[in-house]
Each structure stands twice: as structure tokens, then as C-alpha cells.
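Only a predicted model underlies this, so the values are computations on that prediction, with no experimental measurement involved.
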Amino acid sequence: MTQSGGLMNAIRAKLWTLSATAFHSVIAACILAGMATAWLAPHLGAAPEQRPLILHAVVLITAAPLAIELLWQIAKGNFGVDILAFLSIASAFLLRQEWVAAVVILMLSGGKALEEFSTRRASSVLRALARRMPQIAHRYAAEDRLEDVSIDTIAVGDPLVIYPHELCPVDGVVLDGLGTMDESYLTGEPFLIAKAPGATVLSGSINGETALRIQATHIAKDSRYARIVEVLHASEEHRPRLRRLGERLGIWYTPGAILLASLSWWLSGDPVRFLAVLVIATPCPLLLAIPVAIIGAVSVAARRGIVVKDPSILEKLESCTTLIVDKTGTLTYGKPSLRDVVSAGQWTRRQLIQYAASLEKFSKHPLSSAILQAAEEEHIPLITPRDVHEAPGHGLFGDLDGWRVTLTGRAKIPASMQDQLADLKPGLECVLLINDQLAGLMRFHDQPRKETRPFLHHVASHHGIEQVVLLSGDRQAEVSLFAAGMGIEHVHGGKSPEEKVAIVRELTRHHRTLYLGDGINDAPAMMNATAGIALGVNSDITAEAAGAVILQSSLASVDELIHIGQRMRRIALFSAVGGMILSMIGMGAGALGYLAPIEGAILQEGIDLLAILNSLRMILPTRAIGDFNPSGGLHSSAMPLSAPVWHH
């Protein structure tokens with residue numbers, strides 16, 4: 001789907017929502033005007049007997065489109081409480097209770113209009129994000145001439161200019177210019193990010209005071225901001241279990257109300273009691289309150305830098321008792337730095353860094369950035385290699401100055417070479433071979449997040465997590481050492497993606513599991529957990545597998561997401577269950593003859609209004625959402641630890 005296609009779909013969806021709201025609003029206005037006309041008819045010179053005729057006409061005119069809409073829903077297999085409304089209107093019409101029929105029509109159309117308005121109000125953050133979607137870019141044409149073009153026409157590699165205070169149109173890399181960008185819409189972090197040649201820029205970011213020349217690395221529809229907006233819109237289409245529960249109860253509620261109404265008529269012999277029960281039962285607050293609360297929760301999460309892809313995760317989180325976590329990039333910062341270079345022969349530290357960095361420039365391996373950064377900091381020039389190739393699981397190879405250089409892991413070298421490294425404790429490292437001879441060893445350090453240990457303690461003491469499982473592809477010995485420092489008892493190291501999936505499946509068979517990860521290798525396992533959260537946006541694949549994505553890569557945001565889900569559930573169930581209890585009390589009163597139909601209709605209108613207004617509390621600002629203090633409970637045992645081995 002093209003960017004313009006996505007925009008057109010969004011416009012059509014918005015027009016449909018607006019037209020639905022307008023449709024029900026017009027019906028509500030017509031029936032209200034008809035009721036006012038009938039009430040004032042005697043004062044306007046009309047005969048008193050004309051009042052029922054006016055109401056008859058207005059009821060027929062306004063009930064017809066509602067009946068057509070109801071038949072359309074039934075044809076699609078949607079049986080709900082609207083049937084009660086239709087029966088109420090028809091019964092009131094046959095019993096010559098025109099005012100009751102009019103109030104039910106007003107209640108039904110007004111309630112739907114209010115629900116649609118509330119849903120749009122709760123989705124205001126999502127619409128604000130969509131409105132910020134960049135549409136125009138400044139692209140270099142022939143002879144360095146700039147032209148304004150639609151972002152749909154931008155191709156990977158196109159040179160662009162972003163003027164001061166403009167939105168970045170696509171993801172790219174800076175070619176020229178020094179400045180800053182505000183990425184808070186994308187990451188949730190309220191900071192200006194420095195940009196220099198070579199730095200990445202994200203679509204949707206706001207440029208600072210300096211014009212930047214960039215090169216596009218993604219087309220518009222694949223850029224970060226477009227994907228986030230698409231995911232947010234898609235999240236509104238998901239139907240969480242909480243909402244499906246409401247619809248299932250609605251299916252139960254409808255025949256129950258009809259049965260009670262029929263019994264009251266049969267036992268009393270008074271058909272008016274049948275009407276009174278149906279009127280009070282119409283419509284069900286359960287179906288009005290829950291969608292408003294859900295979309296409100298999605299909007300609140302978006303304001304906190306959390307993209308909720310599948311809203312059902314909001315209710316799953318509270319019930320999870322087992323937390324499965326990845327290590328690198330999740331419990332650690334995922335940014336290794338070169339700690340030590342050990343020479344095994346004639347080669348100097350400078351030569352080893354130069355050779356390693358010259359090859360790593362062409363690699364996507366996690367350690368490559370650390371080696372390149374070390375070369376840059378020590379002002380070591382790079383050499384252009386030849387015949388560079390990378391064999392997954394075996395290493396990186398290339399020719400440099402006539403030497404055949406290999407970067408690999410300790411387990412991939414012959415046993416005789418491993419013996420030479422026996423005195424060096426394994427860790428986060430890579431081995432250098434030159435002409436198939438051991439040349440040196442590079443050791444790295446990946447620091448744990450400051451909040452890792454306090455966070456693990458917090459979810460155990462406040463959110464019902466009974467066990468934490470560390471699941472990593474790194475060496476078992478090093479993963480165990482890391483886990484001991486973080487207070488984690490259940491440890492699985494050295495696991496392949498397939499083994500991770502098997503472990504997660506087994507755990508999920510016995511417990512409700514929450515998987516927290518950030519890398520591509522986490523995606524298959526995450527999809528097999530009860531709920532999955534991607535920390536950061538390092539991997540599009542992992543983000544697709546997750547139910548929610550924490551943009552700012554913060555463990556504190558996981559706590560906030562849990563609290564958002566808890567608050568949504570409390571508000572939605574209070575609105576729905578409270579409304580149903582009040583409705584059932586009213587139905588009992590109507591069945592016993594204590595409430596007239598017109599009184600029941602007015603009472604139910606008030607119940608529905610209270611249910612929707614209570615659900616709208618979800619989007620009201622609160623002083624704090626989570627209760628996790630990253631600095632609290634940080635003990636000396638949470639010191640930086642050496643991380644396990646990463647192999648090429």
C-alpha cells in the first residue's frame with residue numbers, strides 16, 4: 001500500500017466515522033424536534049388529538065433508518081442489544097405509547113452518537129499523529145536544483161534537504177550539516193538529539209535551527225513514522241477479549257431481558273410491564289463503555305511513547321505470572337564498548353584495531369560499532385579491504401595489505417589456539433586470525449541498565465510475577481554470572497531461536513508468560529508467549545511480533561504499560577458491570593410494576609450516560625501512571641558485569 005493509499009484509507013475511515021456520528025445525530029435531532037413540536041402543538045393552535053399523530057409520524061420516520069441499520073447488522077450475524085431497542089420501539093408503537101417510543105429512539109440514536117464522539121475524543125492522540133505525517137520533501141534535481149516533491153516519489157538513495165523547523169519526511173542518514181532534531185514523538189524522550197554527518201534521522205522528527213542534507217534510507221511507507229501511525233490505526237481495529245466478553249454478555253443479556261419481560265407480561269397479564277422491562281434493558285452499557293475505555297488506553301499509552309499494536313495485551317499483562325527476558329539490549333544497554341585488546345604475537349594493539357575496524361565497517365554484527373568507535377577515538381585510519389565476506393556462525397573474512405584476516409569466536413578456532421587463550425576468561429569477545437594464525441583477542445563490555453535489578457524486584461513485589469526466566473543465546477557460564485548479579489534464578493543460556501521457542505511454549509503451557517526482548521532472535525519466541533513487549537525499535541521483526549512496543553527502550557515504561565492496562569480494566573468493568581447492575585435493578589422494578597415505561601426509558605438514558613462518562617476518565621490526565629522508581633532499591637550487587645560471548 002502506498003503512502004497516498006494509506007492516507008486515502010485514513011480519510012475514508014474518518015469520513016465514515018463522521019458520517020456515522022452525523023447519521024445518529026440527525027436522527028436524535030429529528031426525534032427531539034418532533035417531541036418538542038408535539039408537546040407545543042396545543043399552544044400553537046393545533047387540536048390536542050393531533051399530538052399523537054405528530055409523534056406517530058416522527059417515530060415512523062426516525063425508526064425506519066434505525067430498523068434498516070439493525071437488519072443490516074443481523075444479516076452480518078451481529079446479534080446484540082439493538083434488538084431490544086427495536087422491540088421496545090415496536091411494542092411502544094403497538095401499545096400507543098408514542099412518548100416511550102420517541103424516548104427510546106432518542107436514547108438509541110443519541111447514545112450511539114455519544115459513543116462515536118467519545119471514541120473519536122479518546123483517539124485524539126492517534127489522529128494528531130496522523131495529521132503530523134509529512135507530505136512534501138525537498139529533493140535535489142539536476143545541477144543541485146531543489147524541487148518540492150511528494151514523499152511518495154522518494155526513492156532510497158535520494159538526496160534531500162530538511163529546512164529548519166521542518167518535519168523529516170523519510171528515514172535517512174545525514175550527509176552534511178550539524179544540528180539537532182526533536183524525536184520525542186517517536187521515542188517519548190523530551191530531548192534534542194544531536195545530528196552530524198553519518199547520523200540517522202527518523203521521519204516525523206522536527207529539525208532544529210540548521211538545515212540538514214540527508215540521504216533517504218527508506219521509502220516513505222517503510223519509514224519509522226509511517227509504520228507507527230499505521231500500527232496505531234490498526235490497533236483500533238483489534239477486538240480485545242474484554243470487548244469480546246462484553247459482546248458475548250450482550251448476546252446473553254438480550255434473550256434474558258426478553259424472557260423476563262415475557263414472564264412479567266404473562267404473570268401480570270399487563271403488556272405494559274413487557275414494554276417497561278425492554279425499555280430499561282435498552283441499550284446495554286457494557287457495549288458502550290468498553291470500546292471507549294480501550295481506545296482511551298491506547299491513546300494514553302501513545303502519549304507515553306508506547307505503541308499498543310494489539311489492545312488485548314492491556315488486559316493480559318495483569319494476569320502474567322512468569323516474566324521471560326532477553327539479556328543483551330533488554331537488561332543491558334546493548335551498546336558494547338571495547339575494553340581490552342590482547343596481542344598473541346607480533347601485532348600491536350593499533351594494528352589489531354586497524355585490521356578489525358577495516359573489516360567491521362562492512363558488517364552488521366553488534367560488535368562492529370564498538371570496534372569502529374575505538375578506531376575513531378584513537379584516530380586509527382582504516383584500510384580498504386578486498387574479498388570481504390561474512391559467513392553467519394563462522395566469522396568475517398577479508399584481505400588487508402596482503403594478509404588474510406579473520407574475525408570469529410573462540411569456539412570456532414582449533415583446540416590448539418583455544419589452549420593459548422586458556423588463561424583468559426571467556427567473555428564478550430572476538431578472536432583475530434591473520435593468515436590462519438592466532439593474532440589477538442578483543443574483549444568488550446556491555447553494561448547492565450541501572451534499573452534492571454530494581455525493575456525485576458518491582459514486578460515481583462507489585463505485579464504478581466512469580467518467576468523471572470533469563471533466556472539468552474549467549475554462553476551459559478556468562479549468562480549465569482549475569483543472572484546471579486541481577487538476582488535471577490531461572491537461567492537458560494546458549495539457546496538457539498528454535499530452542500527459545502520450545503522453552504517459551506513449555507513455560508506458557510503451565511503459566512501465563514510475558515516476554516520482554518529487543519532483538520530479531522526474540523521474535524519467534526515472543527509470538528509463543530501469552531504477551532510480548534518489544535523494548536526499543538532495533539528490530540522491525542520483533543516489533544511486528546510484539547503486542548506493544550516501548551519506543552524509548554525503558555524498563556520503567558513496561559511498568560507504566562501494566563498500570564495503563566490495570567486502570568483500563570478497572571474503569572471499563574466498573575462502567576459495564578455497574579451499568580448492568582443498575583439496569584437489572586430497573587428491569588426488576590419494571591417487571592413488578594413499580595416503573596412505568598417512560599420512567600424506565602429516562603432512567604436507562606441516565607445509566608448509559610454515566611457509563612460512557614466514567615469510561616472517558618481513562619483519558620483524563622493523572623499525576624503519575626506507574627509506581628516504579630528506577631533509583632529505588634538499587635543495591636551494590638547491581639554493579640556492571642561482564643557480558644557473555646557474541647559470535648560472528
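Annotation: ring-ring contact (aromatic ring centres under 6.0 Å, His included) contacts of His463 (sequence neighbours excluded): His458, His563. Contacts of Ser557 classified as side chain to side chain donor-acceptor pair (under 3.5 Å), with partners at least two apart in sequence or in another chain: Gln552.
Ile371 places a side-chain heavy atom less than 4.5 Å from the side chain of Phe444. Taking the side chain as every heavy atom from C-beta outward, Thr322 and Glu466 never approach each other to under 4.5 Å. At a threshold of 4.5 Å between non-hydrogen side-chain atoms, the residues Leu323 and Thr513 do not count as touching.
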**OP:** Mind running side chain to side chain donor-acceptor pair (under 3.5 Å) on Ser615 and Ser575 for me, showing each step along the way?
**Re:** CA-CA 6 Å; Ser615 290; Ser575 295; 3.2 Å; yes

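Under a 3.5 Å cut-off, the side chain of Ser343 and the backbone N or O of Trp347 do form a donor-acceptor pair. When atom types are taken as modelled, the side chain of Thr217 and the backbone of Asp171 share a donor-acceptor pair closer than 3.5 angstrom. In this structure, Arg304 contributes its side chain and Ile625 its backbone to no donor-acceptor pair below 3.5 Å. The backbone N or O of Ile413 lies less than 3.5 Å from a partner atom in the side chain of Gln418, making a donor-acceptor pair.
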For residues 485-493, which side-chain N or O atoms pair as donor and acceptor with protein atoms under 3.5 Å away, sequence neighbours left out?
unit_1 : atom_1 : unit_2 : atom_2 : d
His490 : NE2    : Gln467 : OE1    : 3.4

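Ionic pairing of Glu429 and Arg410 is present here: one or more N-O contacts between side-chain nitrogen and carboxylate oxygen are shorter than 4.0 angstrom.
For Asp423, the CG atom is loosely surrounded, since the number of other residues' heavy atoms within 6.0 Å does not exceed 12.
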